[in-house]
Amino acid sequence: MLNEVKVMICGKEYKLRTSESPNYVYSLARVLESKIDEIVNAGSGSSPYTASIMVALSLLDDLNKSNQRLENIRTQTKEYVDEAGKTRIERDSAVKEIEALKAKIVQLENMVKLKQLKDSI
């Protein structure tokens with residue numbers, strides 16, 4: 001369901017249709033206006049329009065860097081999962097080998113007992 005939300009940014013009202021909660025959209029609008037005001041009030045002589053473009057570029061830069069970090073985390077996670085899979089296969093192989101060796105030990109112990117029994121007769 002889409003919500004219709006009215007927000008004020010730099011003295012202008014914007015009507016938005018969104019699936020997000022109104023409180024979330026209001027908080028975004030407050031943060032955006034705050035960032036625009038920072039640039040306008042910094043004494044650079046920037047208009048709200050110019051400040052909006054600068055904020056948009058800064059946010060896109062943040063988004064791109066965050067996406068790159070996320071992709072790096074996904075790649076690293078995939079490597080960890082692959083390594084864990086290889087380690088599990090190695091462990092399973094080692095467990096089978098241990099079981100085979102234990103069976104061989106039991107067999108050899110029985111052969112020794114049998115030989116001792118034959119020697120004692």
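Position 1 is the first residue of the sequence; numbering continues from there.
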CD-OG distance between E33 and S52, expressed to the nearest 0.5 angstrom: 10.0 Å
Selection residues 98-109 - residue pairs positive for side-chain hydrogen bond (donor to acceptor under 3.5 Å, both in side chains), sequence neighbours left out: none
Separation between CG of L63 and OG of S66, rounded to the nearest 0.5 Å: 6.5 Å
Under 4.5 Å side-chain linkage, directly or through intermediates, the cluster mates of Y26: V5, V7, I9, Y14, L16, V25, L32, I36, I39, V40, M54, V55, L59
Interatomic spacing from CD1 in I105 to CG in N110 - rounded to 0.5 Å: 12.0 Å
Atom CD of E13 with >12 non-hydrogen neighbours under 6.0 angstrom: yes
Any pair counted as salt bridge (charged side-chain N to carboxylate O under 4.0 Å, His left out), so long as it reaches residues 68-92, sequence neighbours left out: E71-R74, K78-D82
Heavy-atom closest contact (P48 atom, C10 atom, distance): CB-SG, 4.3 Å
Residues in side-chain contact (heavy atoms from CB on, under 4.5 Å) contact with Q68, at least two apart in sequence or another chain: N72
Hydrophobic cluster of M1, others only, ordered by chain and residue number, side-chain cut-off 4.5 Å: none
Separation of E4 CD from R17 CZ (nearest 0.5 Å): 6.0 Å
Residues that D61 engages under salt bridge (Lys or Arg N to Asp or Glu O under 4.0 Å), provided they are two or more places apart: K65
From NZ (K118) to NZ (K115), nearest 0.5 Å: 8.5 Å
